[in-house]
**Q** 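So that we are looking at the same thing, I have put the structure below in structure tokens.
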Amino acid sequence: MAEARGRRSGAWMGWCLAGCAALLSLHQIGTFDYWTHLALGRALWEAGAVRIGEPLLAHALGQPMDSHGWPFQGLLYAVYSAGGHGAVCAFVAAAAGATF
């Protein structure tokens with residue numbers, strides 16, 4: 001009986017800590033990096049391809065974009081398309097809570 005109560009107490013503490021991590025991750029979006037990832041995700045979705053020309057740098061037009069970040073950028077744009085900036089904040093908070 002005491003062992004089951006200890007496990008429940010530990011699980012409750014874990015959920016509380018993960019919830020705190022998620023709440024601390026909620027913040028206003030304002031960095032330039034966010035907007036760059038969102039624009040690149042949109043370009044990937046519109047092109048329907050993983051390898052696209054760099055759409056943001058005039059001197060690199062036509063050059064293939066470094067494709068190592070395409071899964072994150074595509075997912076970020078999909079979350080934004082589904083629910084806007086609030087959904088992106090909630091997604092980041094949920095990911096931080098799950099990681100914690």
Side-chain angles (χ1 to χ4, degrees):
M1 181 97 163
E3 184 179 318
R5 188 176 359 173
R7 271 188 262 147
R8 277 184 290 186
S9 176
W12 182 81
M13 181 64 83
W15 280 107
C16 285
L17 289 173
C20 287
L23 288 174
L24 290 172
S25 299
L26 289 172
H27 56 83
Q28 184 176 0
I29 297 169
T31 63
F32 292 117
D33 196 38
Y34 169 74
W35 300 107
T36 302
H37 286 304
L38 199 58
L40 290 173
R42 183 181 63 227
L44 288 167
W45 278 98
E46 288 175 354
V50 175
R51 305 252 325 148
I52 61 172
E54 174 61 67
L56 303 176
L57 300 174
H59 69 277
L61 285 176
Q63 299 297 319
M65 183 178 77
D66 185 13
S67 62
H68 71 277
W70 71 266
F72 171 73
Q73 292 161 348
L75 178 63
L76 183 72
Y77 185 70
V79 170
Y80 168 76
S81 294
H85 298 296
V88 172
C89 287
F91 173 74
V92 169
T99 301
F100 184 76

**Q** Any idea which heavy atoms bring Gly74 and Trp45 closest together, and the distance?
**A** O-NE1, 2.8 Å
**Q** Between Leu38 and Leu76, which heavy-atom pair has the shortest distance, and what is it?
**A** N-CD2, 3.9 Å
**Q** Take atom OH in Tyr77; do more than 12 heavy atoms of anything else shown fall under 6.0 Å from it?
**A** yes
**Q** Taking the six-membered ring for Trp, are Phe72 and His37 parallel (under 30°), tilted (30 to 60°) or perpendicular (over 60°)?
**A** perpendicular
**Q** To the closest 0.5 Å, what do you measure between CG (Leu40) and CH2 (Trp35)?
**A** 14.0 Å
